[in-house]
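Worksheet for the structure shown next.
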Amino acid sequence: MAFNSLTFLLFFSIVYGLYWMLPGLSARKTLLLLASYLFYAAWSPPYVFLLLLSTSLDWWLARLIGNTDAPKKRRWYLYLSVVANLALLGYFKYGEFLLDNFVTLFAWIGFSYQPIQSSIILPLGISFYTFASLSYTIDVYRRDTRSDWKLTDYMLFVSFFPHLIAGPILRACHLLPQIELLRKPSANEVGWGLAMFVFGLFCKVVMADGLLAPVVDEVYSSPEKFGMIDTWVAVLAFSGQIYYDFGGYSLCAIGLARCFGIHFPENNRHPYAAIGIADFWHRWHISLSTWLRDYHYIP
């Protein structure tokens with residue numbers, strides 16, 4: 001259910017109407033949780049159970065980490081969370097790649113090995129919700145956030161539909177406090193949220209898909225038919241296409257969340273105005289670059 005589909009616009013209209021009609025905090029959070037799982041199930045219902053498994057495991061392990069002061073136990077619970085999450089991510093993202101290379105290696109050394117035909121389908125958004133969930137157990141281990149959040153609040157943090165498919169990658173310490181005290185947004189927030197959503201759709205539908213994608217597809221599919229100038233135009237068009245596609249999708253997510261009174265962090269800050277590679281990664285997919293910095297590179 002892509003943001004630029006009529007199905008999503010109908011889905012959002014119904015959910016948002018019910019959100020304003022429901023009177024209590026608990027009812028509104030339950031609505032958002034059910035809507036988020038329905039949004040994910042619209043792509044592939046069986047993978048809802050994978051999302052639920054990953055979420056429940058990390059919530060439980062974080063509780064164990066928070067309830068003990070024994071350093072060794074805390075480390076092992078954290079290791080279990082990291083290994084389980086990265087094993088799932090690695091299997092679905094790189095399982096077929098590794099299997100193909102394994103077959104090639106056997107053929108190179110003179111053995112014929114034909115495995116059963118695999119049909120691994122990459123779950124939509126698995127990188128985003130895996131990184132978001134991992135940030136929680138790591139933050140609890142570092143004592144940067146509490147471990148006693150309600151399971152339903154944590155499930156909503158991981159599955160909240162504006163960020164579930166394509167980010168931004170959110171931190172538990174940033175989003176969970178907003179979910180715990182979920183409030184109805186002001187008219188100003190709703191206005192800004194809808195404006196960002198519409199502009200994000202314009203970037204995605206008009207600029208990326210409508211204006212730039214046809215140029216890229218035509219030249220990249222048959223480059224031998226075109227000269228130097230046409231080829232450079234296509235290269236520049238592709239740089240614009242990926243910017244408007246990803247930037248527009250991120251802006252849609254930020255705008256949708258703002259309509260519910262939830263603030264997402266900025267994810268793109270004029271990346272093509274960067275003055276170097278390091279500056280570029282401070283501006284492009286900010287939630288990913290800062291996640292890698294805080295949870296991988298510095299540690």
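Here the structure is a predicted model, which is why all the values come from computation and not from measurement. Along the sequence shown, residues are numbered consecutively beginning with 1.
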Expected list for residues 165-177: side-chain donor-acceptor pairs under 3.5 angstrom, two or more places apart:
from	atom 1	to	atom 2	distance (Å)
Arg171	NH1	Asp294	OD2	3.3
Arg171	NH2	Thr290	O	3.2
Arg171	NH2	Asp294	OD2	2.9
His174	NE2	Gln178	NE2	3.4
His174	NE2	His263	O	2.8

Next item on the list: Identify, with sequence neighbours excluded, every residue that meets side chain to side chain contact (heavy atoms under 4.5 Å, CB included) alongside Ala2.
Entry: Asn4
Identify each donor-acceptor pair in which a side-chain atom of residues 248-259 lies under 3.5 Å from a protein atom, sequence neighbours left out, and give them as a table.
from	atom 1	to	atom 2	distance (Å)
Ser250	OG	Phe246	O	3.2
Ser250	OG	Asn267	ND2	3.2

Note to self: Angle between ring planes, Phe11 versus Phe161, binned at 30° and 60°: parallel, tilted or perpendicular?
What the structure shows: perpendicular
Check: Taking only residues two or more places apart in sequence, or in another chain, which ones meet Phe131 in a ring-ring contact (aromatic ring centres under 6.0 Å, His included)?
Finding: Trp291
Check: With sequence neighbours excluded, what pairs up with Tyr16 under the side chain to side chain donor-acceptor pair (under 3.5 Å) test?
Finding: Trp20
Notebook entry, point to check: Of all residues at least two apart in sequence or in a different chain, which pass the ring-ring contact (aromatic ring centres under 6.0 Å, His included) check with Phe197?
Noted result: none
Notebook entry, point to check: With sequence neighbours left out, what residues match Tyr243 under ring-ring contact (aromatic ring centres under 6.0 Å, His included)?
Noted result: Tyr272
Margin query: Please enumerate all residues that pass side chain to side chain contact (heavy atoms under 4.5 Å, CB included) together with Ser221, with sequence neighbours excluded.
Written below: none
Check: Which residues satisfy the ring-ring contact (aromatic ring centres under 6.0 Å, His included) test with Phe157, sequence neighbours excluded?
Finding: Tyr154
Item checked: Sequence-distant partners of Met155, side chain to side chain contact (heavy atoms under 4.5 Å, CB included), two or more places apart -> Leu33, Tyr37, Leu52, Thr55, Leu151
Notebook entry, point to check: Which pairs count as salt bridge (charged side-chain N to carboxylate O under 4.0 Å, His left out) when at least one residue sits in residues 224-238, sequence neighbours excluded?
Noted result: none
Next item on the list: Kindly state each residue pair satisfying ring pair (Phe, Tyr, Trp, His ring centres under 6.0 Å) with at least one member in residues 207-240, sequence neighbours excluded.
Entry: Tyr220-Phe238
